[in-house]
Amino acid sequence: MPEPFTPLKNLTGAAIAGSLAIILYGFSLTVAAKLANPISSHNSLALRLSLLVRQVLLTLATAAALIFGAIALGLILFTLQQG
């Protein structure tokens, strides 16, 4: 039988998810700043691959930050509902 949810467990999970969201958001900002200028190459394949990698990194980091942020908000709201 699973243990019941307690406000302490909920808020601990919210803190973990919130900190992961902040870290991933910072990572996406760093990737956006560092990779803002495309590489100077005469090879169009290299240019397209670099743009693809940048876009994939930004998309994944931003999506993960959004998901962890939603989880943190949901856990906080669940704790308020319990109390």
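The first residue in the sequence is number 1, and the count goes up from there.
By the neighbour-count criterion of 12 heavy atoms within 6.0 Å, atom OH of Tyr25 is sparsely surrounded, having that number or fewer from other residues, nucleotides or ligands. The neighbour count for Asn37 CG, taken as heavy atoms of other residues, nucleotides or ligands under 6.0 Å away, does not exceed 12.
A donor-acceptor pair under 3.5 Å is formed between the side chain of Ser50 and the backbone N or O of Leu47. Judged by distance alone, with hydrogens and angles left aside, the side-chain atoms of Arg54 form a donor-acceptor pair with the main-chain N or O of Ala36 at under 3.5 Å.
Of the candidates Leu57, Leu58, Val56, Thr62, Leu60 forms a side chain to side chain contact (heavy atoms under 4.5 Å, CB included) with just one, namely Val56.
Rounding to the nearest 0.5 Å gives a distance of 8.0 Å between CG of Leu11 and CG of Leu80. To the nearest 0.5 Å, atom CD1 of residue Ile23 and atom CZ of residue Phe68 are 10.0 Å apart.
Nearest heavy-atom pair across Ala61 and Ser28 is CB-CB, 3.8 Å. Closest approach of Leu75 to Ala14, counting heavy atoms only: CD1-N, 3.5 Å. Minimum heavy-atom separation, Ile16 to Ser19: O-OG, 2.8 Å. In plain terms, the two heavy atoms of Thr6 and Gln82 that are nearest each other are C-OE1, 4.1 Å.
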- Run the side chain to side chain contact (heavy atoms under 4.5 Å, CB included) check on Thr12 and Leu8 step by step: do they pass? CA-CA 6 Å; Thr12 302; Leu8 180 62; 4.1 Å; yes

- Task: Just do the side chain to side chain contact (heavy atoms under 4.5 Å, CB included) check on Thr59 and Gln55 with the steps written out, would you?
- Result: CA-CA 6 Å; Thr59 303; Gln55 191 64 36; 3.6 Å; yes

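Val31 and Val53 fall within the same hydrophobic cluster, defined by Ile, Leu, Val, Met, Phe, Trp and Tyr side-chain heavy atoms under 4.5 Å apart, directly or through other members.
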